[in-house]
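Notes follow once the structure below has been shown.
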Amino acid sequence: MFLGFGFDHCCRIIFGIAPRQIGCSRQAKRSSLFWYQTNRLLKKAQLRYCDIVDVSLVCSPRLASGPFSTTCSCEVKLKILLALPPMAQFNMPYPSTAYLTSYLLSVGHSAMQRDWSVELLRKLLSKEGLTRIKQVLLNRPKKNRTDAVNFFLDCFVDYKQTIESVVHFLQGKDPSLALRLAARNFVPEGPRFLVLDQNEKNDLMHLFGSMGIQDKAKYMASLYIDDIADVIREGIDQDFAFARYGENLASSMTSFAPLFEKLKNKTVVDEILEEIVREDLKTCTPEVLGLSVPFPGNVLGALRIGALVKKEFPLIKIILGGGYVNTELRQMEDVRPFSFFDYLVFDDGERPLEKLLGHFQGNLPAKDLLRTWYFDQGKIIRVNMDGKSDLLFKHHPGPTFQGLPIPHYMSMCEMPNPMHRLWSDFRWNKMMLAHGCYWKKCTFCDVSLAYIERFEPANAERLVDQMERIMNETGQSGFHFVDEAAPPALLKALCTEILRRGLKVTWWGNLRFDPQFTLEMCELMADAGCVAVTGGVEVASERILEMINKGITLEQVACVSKNFSMAKIYVHAYLMYGFPTQTEQETIDSLEVVRQLFKHQYIQSAHWHRFACTAHSPVGKSPDKFGIQLLPVRHPKQGLFAFNEIPFQDDTGIDHGRAGEGLRLALYNYMLGIGLDFDVREWFEDKMPKTTLPKNWLKSL
């Protein structure tokens with residue numbers, strides 16, 4: 001990576017001491033004298049040539065009389081490995097390490113990245129992995145075995161013979177296997193398939209069509225893999241899940257004790273993870289390990305990795321950052337987590353990481369670190385948490401996926417709904433169009449945090465340049481834009497640039513149901529490769545929408561979603577229930593709006609979220625404005641650990657929990673095209689009020 005101008009060459013010598021300078025003429029560099037001088041420096045530093053990763057000469061022109069009078073200097077660089085701990089997504093890389101790696105490379109650091117989430121999955125789902133799982137299960141008392149575990153043991157030979165073939169199929173390497181998978185005569189069918197048989201009576205399988213063999217096969221293969229996940233969870237580790245590993249131990253968990261106790265014992269899953277990490281660290285030999293923790297389901301894996309590194313690689317500095325750190329650990333008081341890592345960095349990680357690397361090299365005092373915590377002399381030191389020295393997003397080089405095991409990712413189909421499956425199926429290159437949210441007013445959202453509050457769009461031409469580069473890196477032309485809400489003006493410019501270049505891509509992303517998405521705009525997006533959008537409808541009630549400050553009306557939601565559907569773009573709606581002062585009548589009316597949106601095919605997929613009051617949202621900061629009282633949070637004896645969701649009391653006294661199962665059941669069936677003409681009350685066990693919306697409400701708009 002070029003760091004200067006003129007004749008810039010790279011020469012990185014990796015070791016954990018203060019940087020040294022090599023001075024040599026360009027002519028000397030071409031001679032044995034250069035290697036003699038370099039060897040003398042290495043000898044002083046007690047290094048050998050096998051310790052050199054690569055050598056980077058940063059040359060800067062100087063005034064001189066001869067044509068080769070340029071002098072060169074070489075600065076020692078530390079090697080940093082950025083990794084995703086389990087469990088993240090298994091069909092595509094999460095983009096956090098991709099953005100951090102590209103930035104650190106662009107400023108001259110030696111950076112690599114790994115996805116230990118997908119590697120753990122690959123090792124578990126192998127003949128060797130299943131054999132190790134079986135041995136553990138056989139050592140457990142028979143009386144404690146569940147139906148899933150017993151079925152696995154009874155059919156183990158079939159599982160062992162089919163597992164690697166199924167994984168290869170889901171990786172896109174053996175498409176002909178679809179014929180046998182779709183015919184349901186290849187894999188053992190455990191408890192997950194019982195639900196499938198029941199749904200077949202409701203004509204579920206017709207959704208695949210007479211020619212949908214590949215999709216049907218992928219669905220069967222996914223049920224087979226989910227059966228194995230159930231076996232691991234029920235027989236080995238009750239906290240195991242492919243996408244939410246130990247999530248309940250970390251999400252807004254005020255005490256660190258449950259995680260701390262969990263980490264004292266290892267399962268076969270932990271042993272396999274440690275083997276993967278140990279091998280990578282021996283191969284890469286980093287001085288610094290950065291662990292990206294975007295979700296609560298990554299925390300347990302990150303701490304497990306930290307414990308291994310502390311024990312077996314004590315010289316490696318461990319840095320923890322990511323979405324979970326940014327939202328959950330801002331008030332952490334417990335010092336025990338620092339026995340698993342050395343530093344916490346908050347918000348955008350590029351500049352804090354850059355400053356930490358400078359500090360490790362001896363170029364920067366600790367007081368000049370940025371948004372960083374560390375443990376020293378018995379207390380947590382918090383440095384420059386208000387620091388605003390951040391990289392402008394428009395100057396970011398964009399993500400790079402080099403170093404990530406693209407061929408190992410698996411595409412799974414856990415629901416035949418065409419929109420819902422985008423999260424787990426297909427291969428997507430994840431990118432951001434803009435930093436933050438251009439609306440940033442929703443009262444339930446963490447609008448006070450930098451990842452929402454600091455809005456800055458990138459340039460459309462620069463974004464398309466990045467897309468072309470990434471397509472060459474990964475061999476994939478699919479993109480998922482993971483913005484909080486993609487700005488309409490930027491989307492229009494992006495689509496125009498894609499079409500101008502004749503670029504053939506497929507993409508989807510998150511947005512607001514902004515009235516700027518006219519039919520003409522939606523058709524432009526479709527022409528440029530857009531196949532789906534996701535957006536927050538939240539609560540289909542005008543009163544609650546006003547309290548949420550969503551900036552949209554139900555009529556606008558219906559109009560915009562209709563425009564997308566007319567342009568052949570799938571629509572997924574995020575829905576919310578249990579907002580402060582929301583009544584059961586408003587909940588039922590919201591479901592009726594959703595039913596009509598599905599029936600007229602304005603939306604194809606949706607998901608209900610139970611409202612949670614968070615510390616960084618306007619509701620959490622001013623609860624009295626929303627008619628609720630915050631309940632006290634118990635501070636553990638050894639100090640607070642994670643803190644984000646705040647318990648509250650709604651003076652209306654409504655039990656929103658009793659509506660949750662009915663809402664989810666209705667939505668599941670709507671996504672399969674079932675029950676769209678039922679009265680919405682039929683999905684609930686308890687008595688619910690009749691909707692006040694007319695059956696033709698949507699048509700009347």
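All values reported here derive from a predicted model rather than from experimental measurement.
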Could you check whether atom [atom1] of [X] has more than 12 heavy atoms from other residues, nucleotides or ligands sitting under 6.0 Å from it?
X    : atom1 : value
K173 : NZ    : yes
K695 : NZ    : yes
E456 : CD    : yes
E473 : CD    : yes
F393 : CZ    : yes
K440 : NZ    : yes

* Run the salt bridge (charged side-chain N to carboxylate O under 4.0 Å, His left out) check on D115 and R122 step by step: do they pass? -> CA-CA 11 Å; D115 188 343; R122 188 171 69 95; over 6 Å; no
Heavy-atom side-chain contact between [X] and [Y] under 4.5 Å:
X    : Y    : result
R427 : I406 : yes
L597 : V571 : no
Y324 : P296 : yes
F481 : L494 : yes
F513 : K550 : no
F455 : P457 : yes
L663 : S590 : no
Q113 : T400 : yes

* Criterion side chain to side chain contact (heavy atoms under 4.5 Å, CB included) on S292 and L82, from CA distance to verdict -> CA-CA 7 Å; S292 177; L82 299 164; over 6 Å; no
Check whether any side-chain N or O of [X] sits under 3.5 Å from a backbone N or O of [Y] as a donor-acceptor pair, and report yes or no.
X    : Y    : answer
T101 : A98  : no
S222 : C413 : yes
Q214 : P175 : yes
Y451 : N326 : no
E484 : G436 : no
D174 : H168 : no
H616 : T327 : yes

Over 60° means perpendicular and under 30° means parallel, so tell me whether [X] and [Y] are parallel, tilted or perpendicular.
X    : Y    : answer
F598 : Y670 : tilted
F242 : F90  : perpendicular
Y574 : H609 : tilted

Is there a donor in the side chain of [X] and an acceptor in the side chain of [Y], or the other way round, less than 3.5 Å apart?
X    : Y    : result
E354 : Y103 : yes
W439 : D514 : no
T534 : H572 : no
S448 : D446 : no
D348 : H435 : yes
T443 : N549 : no

To check you understand the geometry: which heavy-atom pair defines the closest contact between [X] and [Y], and what is its length?
X    : Y    : result
E542 : L554 : OE2-N, 3.2 Å
P488 : M521 : O-CE, 3.3 Å
Q604 : S565 : NE2-OG, 3.6 Å
Q596 : L698 : OE1-N, 2.9 Å
P399 : S102 : CA-OG, 4.0 Å
H395 : L391 : CB-CD1, 4.3 Å

* Full working for salt bridge (charged side-chain N to carboxylate O under 4.0 Å, His left out) between E546 and R543 -> CA-CA 5 Å; E546 187 174 346; R543 183 183 76 88; over 6 Å; no
* Asked: Ring centres of F564 and F517 under 6.0 Å apart?
  -> yes
* To do: Answer yes or no for K218 and F426: cation-pi contact, defined as NZ/CZ to six-membered ring centre under 6.0 Å and angle to ring axis within 45°.
  => yes
* Asked: Can you list the residues that meet the side-chain contact (heavy atoms from CB on, under 4.5 Å) rule with A88, with sequence neighbours excluded?
  ->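 If we apply the side-chain contact (heavy atoms from CB on, under 4.5 Å) test to A88, skipping adjacent residues, the hits are S117, N298.
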* To do: Begin from the C-alpha positions of D465 and R501 and carry the test salt bridge (charged side-chain N to carboxylate O under 4.0 Å, His left out) through to its verdict.
  => CA-CA 10 Å; D465 287 342; R501 299 191 192 188; 2.7 Å; yes
* **Which residues share a side-chain hydrogen bond (donor to acceptor under 3.5 Å, both in side chains) with K599, sequence neighbours left out** => D677
* Taking only residues two or more places apart in sequence or in another chain, which ones pass side-chain hydrogen bond (donor to acceptor under 3.5 Å, both in side chains) with K430? ->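 For K430, the residues satisfying side-chain hydrogen bond (donor to acceptor under 3.5 Å, both in side chains) (neighbours in sequence not counted) are Q89.
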* Asked: Given S561 and N563, is the side chain to side chain donor-acceptor pair (under 3.5 Å) satisfied, shown in steps?
  -> CA-CA 5 Å; S561 59; N563 290 340; over 6 Å; no
* To do: Using a strict 4.0 Å threshold on nitrogen-to-oxygen distance, state whether D390 and R371 make a salt bridge.
  =>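 Between R371 and D390 there is a salt bridge, with a charged N closer than 4.0 Å to a carboxylate O.
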* Apply side chain to side chain contact (heavy atoms under 4.5 Å, CB included) to the pair V593 and V537, showing each step before the final yes or no. => CA-CA 10 Å; V593 170; V537 175; 5.9 Å; no
* Derivation of the salt bridge (charged side-chain N to carboxylate O under 4.0 Å, His left out) call for R421 and D215 -> CA-CA 11 Å; R421 61 189 288 192; D215 285 349; 3.1 Å; yes
* Tell me, with the steps shown, if R114 and C284 meet side chain to side chain contact (heavy atoms under 4.5 Å, CB included). => CA-CA 10 Å; R114 293 289 185 273; C284 299; 3.2 Å; yes
* Just do the ring pair (Phe, Tyr, Trp, His ring centres under 6.0 Å) check on W423 and W508 with the steps written out, would you? => CA-CA 11 Å; W423 279 272; W508 60 296; 5.2 Å; yes
* To do: Apply the test side chain to side chain contact (heavy atoms under 4.5 Å, CB included) to residues V464 and R500: give CA-CA distance (whole Å), side-chain angles for both, the deciding distance (0.1 Å), then the verdict.
  => CA-CA 11 Å; V464 179; R500 186 187 70 80; over 6 Å; no
* **From CE (M431) to CD1 (I470), nearest 0.5 Å** =>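 Going from the CE atom of M431 to the CD1 atom of I470 covers 4.5 Å.
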* Asked: Measuring from H607:NE2 to R664:CZ, what's the distance to the nearest 0.5 Å?
  -> 8.0 Å
